[in-house]
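Single-structure report; data block below.
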2 protein chains.
Amino acid sequence: MDLRTIEWKNNGIKIIDQTKLPGELKYMYIRDLKSLWRAIKELKVRGAPALGAAAAWGIYLGIKNSRAGNFGEFSRELHKAARYIASSRPTARNLFWGIERMCCVALRNKYKPISAIKRLLFKEAQKLIEEDRLACRRIGHYGAKLIKDKDTILTICNAGILATIDYGTALGVIYKAKQGGKRLKVYACETRPLLQGARLTTWELKKKGIDVTLICDNMAATLMQQGKINKVIAGADRIAADGDAANKIGTYNLAVLCHYHNIPFYIAAPHSTFDLTIKTGRDIPIEERKAQEVTELFFKRPITAKGIKVFNPAFDVTPHNLITAIITDKGVIRPPYRRNIAKILNG
Amino acid sequence: MDLRTIEWKNNGIKIIDQTKLPGELKYMYIRDLKSLWRAIKELKVRGAPALGAAAAWGIYLGIKNSRAGNFGEFSRELHKAARYIASSRPTARNLFWGIERMCCVALRNKYKPISAIKRLLFKEAQKLIEEDRLACRRIGHYGAKLIKDKDTILTICNAGILATIDYGTALGVIYKAKQGGKRLKVYACETRPLLQGARLTTWELKKKGIDVTLICDNMAATLMQQGKINKVIAGADRIAADGDAANKIGTYNLAVLCHYHNIPFYIAAPHSTFDLTIKTGRDIPIEERKAQEVTELFFKRPITAKGIKVFNPAFDVTPHNLITAIITDKGVIRPPYRRNIAKILNG
């Protein structure tokens with residue numbers, strides 16, 4: 001299987017429409033910003049690293065047909081696109097990181113002709129994607145060393161190929177460990193409300209030949225109680241300077257369960273997911289999504305009476321004291337996090 | 001609202017078909033054992049206390065048309081019905097308790113005419129149901145004293161009217177506290193895989209005028225982290241002599257979260273849910289149910305690729321050290337549990 005979640009092709013952003021999985025592996029082309037915004041909002045493309053790539057290509061989409069006569073005009077168009085893309089989802093750091101990298105390239109080259117800046121922006125998006133591909137493989141390389149033969153690993157949501165360009169962060173660690181000859185079992189939390197674990201992770205792991213078993217989110221505690229889980233590895237959407245990590249709702253729950261059951265809890269994420277301007281997890285913006293995601297399951301058929309109130313945060317924040325280590329493309333970061341994150345990311 | 005989950009009417013067991021809720025409040029009559037077995041297995045009637053009543057009426061159904069000429073023959077028919085009903089679901093203690101009570105009445109009256117024994121069995125089922133109604137109100141009475149004005153309470157599954165005859169255990173505590181003038185908020189865990197929290201608890205609480213908000217099971221940790229939960233109250237399906245309590249899958253998870261966040265965790269259950277022949281929770285039989293409950297959500301439409309392995313235990317066991325107190329109809333039981341359970345239940 002050679003899957004690619006996102007790439008530039010035929011003058012547009014080609015993505016796997018992840019809302020169609022696992023029923024159908026369907027690709028779609030995005031050729032305007034509105035479609036991109038909707039694809040991000042509706043989770044047709046999701047996962048922090050993949051959103052970084054989507055944002056970078058989105059910026060390029062936003063300016064590639066620009067007829068701006070000077071940089072000021074061009075810059076206004078660029079920043080309009082940037083603000084629009086940035087308004088799609090608030091939590092994943094990589095989305096903003098992708099936008100910022102593109103804006104910086106434009107600014108650094110402001111004295112060049114607009115046509116040259118456009119070419120440089122296209123190259124920057126390509127470069128960012130190549131870097132992400134490499135970063136995932138390096139996460140896999142560092143993370144696999146933490147995995148023992150016959151480990152059983154629990155994961156949540158999808159931090160695999162479908163969350164990145166083509167390899168994965170948390171699942172990248174699993175792929176690399178398997179490639180190194182380790183025999184592994186994986187339990188996948190279904191990850192309510194949008195079931196990325198059930199729909200995407202089991203599909204992806206099965207395709208990659210990994211022994212995977214699906215559970216409902218509320219069954220993880222029982223598995224741990226029965227001694228069946230050796231490690232939990234989750235991805236991240238944004239990591240603060242102190243190591244507090246926002247990730248899919250339910251991740252914090254798993255971290256508390258790991259703490260109680262003495263099981264190592266790992267976060268796997270590229271350096272682009274860190275946000276050193278945010279001191280602690282308390283300041284990470286958490287997206288709340290609409291009630292229907294909970295009340296209508298996945299099929300637009302109600303499971304509750306009308307008008308039931310719902311609390312539906314898409315992410316939670318795991319405080320750094322519950323994280324055994326953060327597996328990054330620059331190495332494995334362990335406590336004390338504030339110091340070691342600064343050292344490794346700036347080093 | 002004057003709901004009754006189960007009663008004897010028109011020569012049959014009249015139940016609310018809970019698989020139709022909340023879309024439709026539909027009653028059904030059960031007039032043979034096979035239909036009863038299926039109704040229990042398929043959760044048309046569910047909840048430990050309601051299963052006790054279903055079992056008692058089931059025994060009566062099994063023998064009411066008996067043409068046995070002597071007690072030996074009658075007893076064989078009775079025990080055949082008992083074994084059949086007992087094979088429907090393994091975990092809820094009340095199911096077996098109901099069966100045992102009925103069998104005892106028959107045995108105690110073995111020298112009476114068969115027609116008289118039948119009448120006595122009918123009366124015993126009625127008595128058992130009246131006792132359960134009273135027990136729930138007493139649970140409410142004792143439990144409400146633990147509730148403070150403006151408490152926010154988290155619950156899981158449905159331990160309300162729909163799990164009992166007409167009042168509830170965990171939700172009975174909430175009803176009684178509200179009746180006493182306390183202002184309460186309730187969060188209901190949706191309770192995957194069969195969504196009893198989303199489908200039944202929010203429906204029931206809303207009908208009773210209780211402020212209820214629905215969450216996915218994996219969101220409870222976040223609410224606790226944000227300081228929004230004052231107490232967790234859950235029902236139980238079977239409680240061992242040491243206080244270990246089996247309840248709907250996800251309950252143990254909540255107990256661990258309460259422990260970590262210093263939140264009181266209560267179990268509410270009538271004395272009929274205790275099984276003093278079982279020393280610890282390790283020996284409570286835990287039902288595993290079919291994979292489709294997880295992979296097809298509630299609508300018989302797949303959310304996973306075909307052939308994905310699933311782990312689907314219907315219950316988990318919360319060790320007594322995580323339980324702040326057990327609210328029973330005989331009073332509130334606190335640690336040390338082994339001693340206090342024996343004292344209060346036998347007292």
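Numbers restart at 1 for each chain; the letters A, B, ... are given by sequence-line order, proteins then strands.
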Neighbour count above 12 (heavy atom, 6.0 Å) for Lys290(A) NZ: no
Heavy-atom pair count under 4.5 Å with chain A, highest-scoring of Leu205(B), Val212(B), Ile156(B): Val212(B)
Test: Lys228(B) cationic atom under 6.0 Å from Phe311(A) six-membered ring centre, within 45° of axis: yes
For chain B, the option from Ala255(A), Ala291(A), Cys216(A) that forms the most heavy-atom pairs under 4.5 Å: Cys216(A)
Greater than 12 external heavy atoms within 6.0 Å of Lys279(A)'s NZ: no
Donor-acceptor under 3.5 Å (Glu190(A) side chain, Thr295(B) main chain): no
Steps toward side chain to side chain contact (heavy atoms under 4.5 Å, CB included) verdict (Met219(A), Asn253(B)): CA-CA 8 Å; Met219(A) 296 168 185; Asn253(B) 190 347; over 6 Å; no
Exam field: side chain Asn218(B) to backbone Arg192(A), donor-acceptor pair closer than 3.5 Å: yes
Short side-chain to backbone donor-acceptor contact, Lys206(A) and Lys306(B), under 3.5 Å: yes
Lys182(A) atom NZ, neighbour heavy-atom count above 12 within 6.0 Å: yes
For the student: nearest non-hydrogen atoms of Pro22(B) and Ala305(A), plus distance: CG-N, 3.5 Å
From Thr201(A) atom OG1 to Ile308(B) atom CD1, the distance as rounded to the nearest 0.5 Å: 10.5 Å
Top contributor to chain A contacts, counting heavy-atom pairs under 4.5 Å, from Thr251(B), Ile286(B), Leu200(B), Asn312(B): Asn312(B)
Closest-packed option against chain B by number of heavy-atom pairs under 4.5 Å, given Ile249(A), Val310(A), Leu257(A): Ile249(A)
Pairs of heavy atoms under 4.5 Å with chain A: top-ranked of Asp316(B), Ile215(B), Thr202(B): Thr202(B)
Heavy-atom donor-acceptor pair, Gln225(A) side chain to Val317(B) backbone, under 3.5 Å: yes
Under 4.5 Å from a heavy atom of chain B, the part of Lys248(A) involved: neither
Chi angles and distances behind the side chain to side chain contact (heavy atoms under 4.5 Å, CB included) call for Asp211(A), Lys309(B): CA-CA 9 Å; Asp211(A) 180 356; Lys309(B) 283 195 291 185; 2.6 Å; yes
is_close_aromatic(His261(A), Tyr260(B)), centroid dist under 6.0 Å: no
Options Ala188(A), Cys189(A), Ala221(A), ranked by heavy-atom pairs under 4.5 Å with chain B, top entry: Ala221(A)
